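Heavy-atom basis, side chains included; hydrogens, waters and symmetry copies ignored. Everything numeric here is computed off the predicted structure, so don't read it as measured data.
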Protein chains: 2
Amino acid sequence: MDTDFIRETLDLVGDKWSMLVIGALANGDARYSDLDTTIPALSRRTLTLTLKRLQRSGFVERTSYPEVAPRVEDSLTALGTSLLSAIQHLAAWSSDHHTEVRRQQDRYDRSAPHSTRRA
Amino acid sequence: MDTDFIRETLDLVGDKWSMLVIGALANGDARYSDLDTTIPALSRRTLTLTLKRLQRSGFVERTSYPEVAPRVEDSLTALGTSLLSAIQHLAAWSSDHHTEVRRQQDRYDRSAPHSTRRA
DNA sequence: CTGGATCCTATGCGATACTG
DNA sequence: CAGTATCGCATAGGATCCAG
């Protein structure tokens, strides 16, 4: 188990939104405006930056239609799809275990004057 | 593909160090000082905070030996181990594809006056 | 519709120093 | 050895406004 590889992956897509955008693209969102609306908590500025980074690493490919009302479509490349499947494991894990996680957190929170928690 | 589950996982262990610490624990590091030395870039302050969060969600279990020179040992719980396997997929992905990623980044960087890159 | 520029804030995290 | 407190900073990312 080489932790360096974990570090590398995190450096690539360990920010707040990259994995989510990859998931949304996999779900069929293609247009910039689609992503903008299906992930409301993500600001347009950050969406643009995130897509650019994903393009740079070859996860996402962009097609621009230079029409009068500009339109762009982003899609996962083969490389992006390969990463998607690893991300899906994380999502599946959460789906399977989030209830248990919440139970653990409650237990911990009710147990003592611990101090460090988070949301 | 429910992106909410991605979000949840990231909220749990999407910070800079959690997954790495889980990986290190899986590698047999147990003592606080082991972790401190095998992940030199991680400050002791943050190590403490990270371990506490991992304990709160039930990923890590702690045993303290109240000896004259205090000693603590942390280990992955069953829950933590279940998450580890999802993390291993990420690491495996990186191991398989990091070369290709670098090639893509180089190509991108040499191709244009793009502006947003990172490390 | 998409994108860039500016500004501003939150906060994650390191450095350091001190305690039992 | 492990933990806590204080400080300081870098940076991610939101809000807003302007532009093609």
(request) Take atom CZ of A:R71 and atom C1' of C:dT2, then tell me their distance rounded to the nearest Å. (result) 13 Å
(message) Tell me every residue that passes side-chain hydrogen bond (donor to acceptor under 3.5 Å, both in side chains) with A:T46, counting only those two or more places apart in sequence or in another chain.
(response) A:S43
(request) Give a yes/no answer on whether the side chain of A:K52 brings an N or O atom under 4.0 Å of OP1 or OP2 in C:dG3. (result) no
(message) For DNA chain D, which residues of residues 29-47 of chain A approach it to below 4.0 angstrom with any heavy atom?
(response) A:A41, A:S43, A:R45, A:T46
(request) Whole angstrom is fine here: how far is it from CG in A:L20 over to P in D:dG13? (result) 12 Å
(message) Atom CD of residue position B:E61 - does it have more than 12 heavy atoms of other residues, nucleotides or ligands inside 6.0 Å?
(response) no
(message) Distance check needed: D:dG3 P versus B:E67 CD, whole Å only.
(response) 13 Å
(message) Restricting to side chain to side chain contact (heavy atoms under 4.5 Å, CB included), what partner residues turn up for A:N27, sequence neighbours left out?
(response) B:M1, B:T3
(message) I'd like to check the side chain to side chain contact (heavy atoms under 4.5 Å, CB included) partners of B:S64; sequence neighbours left out, ordered by chain and number.
(response) B:R62, B:V72
(request) Calculate the interatomic distance between B:L49 atom CG and D:dA5 atom C1'; express it in whole Å. (result) 12 Å
(message) Strictly by side-chain hydrogen bond (donor to acceptor under 3.5 Å, both in side chains), give each pair with a member in residues 75-84 of chain A just once, sequence neighbours left out.
(response) A:S82-B:W93
(message) Per the salt bridge (charged side-chain N to carboxylate O under 4.0 Å, His left out) rule, what does the pair list look like for residues 88-100 of chain B, sequence neighbours excluded?
(response) B:E100-B:R103
(request) Round to a whole Å and report the spacing from CG of A:D11 to P of D:dA12. (result) 11 Å
(message) Of the listed nucleotides (D:dA2, D:dG13, C:dC1), which one gets closest to any side-chain atom of B:R62?
(response) D:dA2
(message) Does C:dG12 have OP1 or OP2 under 4.0 Å away from a side-chain N or O of A:K16?
(response) no
(request) Report the residue (B:W17 or A:L51) whose heavy-atom-nearest nucleotide on DNA chain C is the more 5′ of the two. (result) A:L51
(message) How many whole angstroms separate atom CD of A:Q55 from atom P of C:dT2?
(response) 13 Å
